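Sequence lines set the chain letters: A, B, ... in the order given, protein chains first and strands last, and positions in each chain run from 1. The structure presented is a predicted model; accordingly, all values stated were derived computationally and were not measured.
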4 protein chains.
Amino acid sequence: MTGRVRRSDPHRRERIIEAALDLIAQHGAPGATYRTVAAAADVPLGSMTYHFPTRDDMLLAAFQRLADDQWARFDRILAELPEGEDPRERVVQLIVTHGEGYGRDMILSAELYALAVRDVRYRELIQGWMNRSRGSLERHFPAELVATIDALQEGLVLHSHISTEPFDIERIRQAVYRLIPEPSILR
Amino acid sequence: MTGRVRRSDPHRRERIIEAALDLIAQHGAPGATYRTVAAAADVPLGSMTYHFPTRDDMLLAAFQRLADDQWARFDRILAELPEGEDPRERVVQLIVTHGEGYGRDMILSAELYALAVRDVRYRELIQGWMNRSRGSLERHFPAELVATIDALQEGLVLHSHISTEPFDIERIRQAVYRLIPEPSILR
Amino acid sequence: MTGRVRRSDPHRRERIIEAALDLIAQHGAPGATYRTVAAAADVPLGSMTYHFPTRDDMLLAAFQRLADDQWARFDRILAELPEGEDPRERVVQLIVTHGEGYGRDMILSAELYALAVRDVRYRELIQGWMNRSRGSLERHFPAELVATIDALQEGLVLHSHISTEPFDIERIRQAVYRLIPEPSILR
Amino acid sequence: MTGRVRRSDPHRRERIIEAALDLIAQHGAPGATYRTVAAAADVPLGSMTYHFPTRDDMLLAAFQRLADDQWARFDRILAELPEGEDPRERVVQLIVTHGEGYGRDMILSAELYALAVRDVRYRELIQGWMNRSRGSLERHFPAELVATIDALQEGLVLHSHISTEPFDIERIRQAVYRLIPEPSILR
DNA sequence: AATGAATGAGGATTCATTCAT
DNA sequence: TATGAATGAATCCTCATTCAT
């Protein structure tokens, strides 16, 4: 009844990518096998290699999607800055909300880093993502500071997922404000 | 006390752990299977389960070794502070040397984080490591700052392994000095 | 007459056959799959079954081409016999040049034989080829000898491709001359 | 009932080799897959790679067995020469019986040649076999003739399996006797 | 205490072929 | 007529783990 025969399925590629991301988040990249992803996306195993000739192609596409989505959120939060608000508050918000509500994406990022430190293709993927993020930050902050802000954010978010202590927003705010002293703000 | 070690091949356990770490660094945690590790350590496959009943036990032991070694280095650098030197310079040094010379350990850490975000056992392992590191930092810096310093370091080292840009020690120093303003230094 | 050939890509069928032969020579008959041949001939996979409904049809066509080409060369060498030359020299020449310069065709023949000993269709293909070859030999040699000459040639060429020893033309000549004593020559 | 659990099975390796040869003879080397051989030998699929880490190792072992067995028969026939018998008769016998009764081995040889012309490992296997065969022939015939005798035999046997014509023992005898003129006989 | 042998499940791919467009 | 997409079966091989010795 659930479509033993399937003629065409235009969103199949997307479904596979979504399913892959879910599985990576749940069981790590090694858990996103052709088999498990095919089952989760309700796609015959034999058709997987048509869309992604190699398992690596599939993972790469999935992580590219992750990077695109994450950056979009990042950029949106930095873009909608109301008149008169201190942009550093947005950085604080990014760190805290990421630490709190985006567990899945955090897990996926950790997995991506583990691949990236060993494989150029994933490294390049992150580099592209990083550059876009820094571009977004440069709307409000000077270019020389932007890489450091990004690194601080990375470290804080990562540790927040490891640590048992609750998130202390004041501590985050203090760190961000120290790293970006007032006169650094562009606008 | 020495009861755990076999008489015929007393360093076997150690050899296995070293081989496991090498293989994880080269091919990721999934690449360190009983088989590959046994071959690399020149140990019969059938004897692996004697030393590590489960593959996970082996990985855990390997990462524990990593944490111990890393922390020892970390602590040593912070301990040997000559009279009159600014301890923040030691933090700068930690970041830069880690970024430059310890590629293997950085790769292993990334792998460990990827496991930790999904599995408590690895998370607890990192927590222990993190606590010891913070203890070392508290020799010189106030307790409220120490977690942030650690996070900044983490982010900077991680990004240095992804980025193509050369390490800019001045940028690092500026970040560290801003995060830890002079009056914060204990001694 | 030209009705079988497509207008848009008139040599496609030929290109496929050539690509198939190359792939068989390089990786054996099992290596000449629809996919590999399509890629090598730069033809869309989906169009393969139009030209050759079955993979076996494709292989058969390829080997037929091999037989035709090989026999043409064989026949040409035996046909152009200058007045007064001993035709046995031509047999020697056939063996030696085949052993030396026609590696690809030798490899293909071996593959064809492996198929032929189990499958009638390939066996019939070789029979046709063998009969034509014997016809060519009968220009110069009596019918009762012709099968034996052919067999000797086959064995010598085959062994020359296996053996590490260099080709000894004198040894070949002696064998041929003994097998075909002078009075056997027709002309 | 047929032994779901099997503790030890000392002849497993031999059984696998026998099954592999049968399957190669029936369906060609590509038909002797781990799966088909495991089923034919009544061995769990997962244990195949313990005995033969690579499918190629399995095939090589099977063909080595073929070569050993074939040469043993070859050598036996040439060894038991009664006083006063012309050894050339033994060569005739070898060719004829091989052509007639040893279909399976002939098929296997053809398959082996197809592998050998492309792969050194199989080529070396045949070289070893060829050298032993020539050693056997040198009991009765001069060294310079022995390679040619072997080649003639090879070609005649091969063609006999392709041709539709019945085996003509007189034709074979004539060929052998011409190739080995009486004074060549050693004893 | 130590290990060679075994095993069933699952790994990534490749395949010949079909079919809707 | 031509082909991109699809599919189920099969490919080789690896795996963690068990167990008899």
Side-chain angles (χ1 to χ4, degrees), chain A residues 3-10 12-13 30-39 43-59, chain B residues 4-9 12 30-39 43-59, chain C residues 5-9 12 30-39 43-59, chain D residues 3-10 12-13 30-38 43-59:
Chain A
R4 185 107 269 223
V5 173
R6 193 156 18 213
R7 293 139 232 276
S8 84
D9 186 353
R12 181 168 283 190
R13 210 187 130 90
T33 71
Y34 272 146
R35 274 176 153 75
T36 56
V37 174
V43 156
L45 174 57
S47 94
M48 292 294 291
T49 44
Y50 178 76
H51 296 282
F52 302 100
T54 280
R55 195 182 83 109
D56 221 57
D57 294 334
M58 178 181 77
L59 293 180
Chain B
R4 176 172 288 161
V5 178
R6 280 319 98 221
R7 201 198 301 158
S8 57
D9 187 355
R12 182 169 283 194
T33 70
Y34 272 148
R35 284 174 154 69
T36 55
V37 174
V43 157
L45 171 59
S47 89
M48 291 296 288
T49 44
Y50 171 73
H51 297 281
F52 302 99
T54 280
R55 192 181 87 107
D56 222 57
D57 294 334
M58 178 181 76
L59 293 180
Chain C
V5 179
R6 281 318 98 218
R7 204 198 298 158
S8 56
D9 187 355
R12 181 169 283 191
T33 70
Y34 271 148
R35 283 172 155 70
T36 55
V37 174
V43 157
L45 171 59
S47 89
M48 292 294 290
T49 44
Y50 171 75
H51 297 282
F52 302 99
T54 282
R55 193 180 87 107
D56 221 58
D57 294 333
M58 178 180 77
L59 292 180
Chain D
R4 184 109 273 221
V5 174
R6 193 156 18 211
R7 292 141 233 276
S8 86
D9 186 355
R12 183 169 282 192
R13 209 188 131 88
T33 71
Y34 271 146
R35 273 176 152 73
T36 55
V37 175
V43 156
L45 175 56
S47 94
M48 292 294 290
T49 43
Y50 178 77
H51 296 282
F52 302 100
T54 281
R55 194 181 84 107
D56 221 58
D57 294 333
M58 177 181 78
L59 293 180

Worksheet item: Which atom names give the shortest non-hydrogen contact between C/Pro30 and D/Pro30, and what distance separates them?
Response: CG-CG, 3.5 Å
Worksheet item: If you take all heavy atoms of D/Ala32 and D/Leu59, which pair is closest and at what distance?
Response: CB-CD2, 4.2 Å
Fill in: Expected output: side-chain B/Tyr34 to main-chain B/Gly46 donor-acceptor under 3.5 Å
no
Worksheet item: From E/dT7, F/dT11, E/dG11, pick the nucleotide closest to the side chain of D/Thr33?
Response: F/dT11
Worksheet item: Considering only side-chain heavy atoms of C/Tyr50, which listed nucleotide, E/dG8, F/dT1, E/dC15, is closest?
Response: F/dT1
Worksheet entry | Side-chain donor or acceptor of C/Thr33 paired with backbone N/O of C/Thr36 under 3.5 Å | yes
Item to complete: Please report, rounded to the nearest Å, how far the C1' atom of E/dT13 is from the CE atom of A/Met58.
Response: 13 Å
Practice prompt. State whether C/His51 places a side-chain N or O below 4.0 Å from either non-bridging phosphate oxygen (OP1 or OP2) of F/dT1.
Written response: no
Worksheet item: Going from NE2 on B/His51 to CZ on B/Arg12, what distance comes out if it is rounded to the nearest 0.5 angstrom?
Response: 5.0 Å
Item to complete: Report the distance from atom CG of A/Leu59 to atom P of E/dG11, rounded to the nearest whole Å.
Response: 13 Å
Discussion item. I need the A/Met48 CE to A/Arg35 CZ distance, nearest 0.5 Å.
Written reply: 11.5 Å
Fill in: A/Asp57 CG to E/dA12 P, straight-line distance once rounded to whole Å
13 Å
Using the 3.5 Å cut-off, write out each protein N or O paired with an N or O of nucleotides 17-19 of chain F and the distance between them.
| unit_1 | atom_1 | unit_2 | atom_2 | d |
| --- | --- | --- | --- | --- |
| F/dT17 | OP2 | B/Arg55 | N | 3.0 |

Worksheet item: Out of F/dG4, F/dG8, E/dT7, which has the shortest distance to the side chain of C/Pro44?
Response: F/dG4
Worksheet item: Looking only at side-chain N and O atoms, does A/Arg13 come under 4.0 Å of OP1 or OP2 in F/dA6?
Response: no
Practice prompt. Would you mind telling me which residue lines up with the more 5' stretch of DNA chain F, D/Phe52 or B/Ala32, judged by nearest nucleotide?
Written response: D/Phe52
Fill in: Base-paired stems in DNA chain E, each at least three Watson-Crick or G-U pairs under 3.5 Å
E:2-21 with F:2-21
